[in-house]
Asks: 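For reference, the structure I am asking about is given below.
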Amino acid sequence: MADLYLRALESERKRLWAECRLKGLAKGTPERLRIEEIDRLLTQHREKSAG
């Protein structure tokens with residue numbers, strides 16, 4: 001079965017990253033901080049699912 005939580009996080013990350021690239025946002029902006037948070041959540045979720 002598809003992992004909807006994982007898909008939602010990846011989708012949000014992709015959207016935010018595209019927005020940051022388009023606008024040329026620097027590190028420390030709320031969007032970039034959210035991407036870092038999503039990366040952390042993805043890592044935790046994958047570790048939990050694998051182990």
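Because the structure is predicted, anything quoted here is derived from the model rather than measured.
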Asks: Would you call Arg46 and Leu6 a side-chain contact if the rule is heavy atoms closer than 4.5 Å?
Replies: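 Arg46 reaches Leu6 side chain to side chain.
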Asks: Considering only residues two or more places apart or on different chains, which pairs with a residue in residues 7-28 satisfy ring-ring contact (aromatic ring centres under 6.0 Å, His included)?
Replies: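 Residue pairs with at least one partner in residues 7-28: there are none.
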Asks: Any ring-ring contact (aromatic ring centres under 6.0 Å, His included) involving residues 18-40? Give me the pairs, sequence neighbours left out, ordered by first then second residue.
Replies: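 Listed by first then second residue: nothing to list.
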Asks: What closest approach, in Å, do Cys20 and Ile35 show between heavy atoms, and which atom pair accounts for it?
Replies: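 Closest approach of Cys20 to Ile35: SG-CD1, 4.0 Å.
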Asks: Would you say Ser11's side chain and Arg7's backbone share a donor-acceptor pair under 3.5 angstrom?
Replies: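 Checking the backbone N and O of Arg7 against the side chain of Ser11, no donor-acceptor pair under 3.5 Å is found.
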Asks: Of all residues at least two apart in sequence or in a different chain, which pass the side chain to side chain contact (heavy atoms under 4.5 Å, CB included) check with Leu41?
Replies: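 Tyr5, Leu9, Arg34, Glu37, Gln44.
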Asks: Could you work out, with side chain to side chain contact (heavy atoms under 4.5 Å, CB included) as the rule, every residue matching Thr43, not counting sequence neighbours?
Replies: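 In terms of side chain to side chain contact (heavy atoms under 4.5 Å, CB included), with neighbours along the sequence ignored, Thr43 is linked to Glu47.
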Asks: What verdict does the side chain to side chain contact (heavy atoms under 4.5 Å, CB included) test give for Glu10 and Ile38, after you've listed the backbone C-alpha separation in whole Å, the side-chain angles of each residue and the deciding distance to 0.1 Å?
Replies: CA-CA 8 Å; Glu10 289 172 342; Ile38 290 171; over 6 Å; no
Asks: Could you note down all residue pairs passing side-chain hydrogen bond (donor to acceptor under 3.5 Å, both in side chains) where residues 21-33 supplies at least one of them, sequence neighbours left out?
Replies: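 Residue pairs with at least one partner in residues 21-33: Glu19-Lys23.
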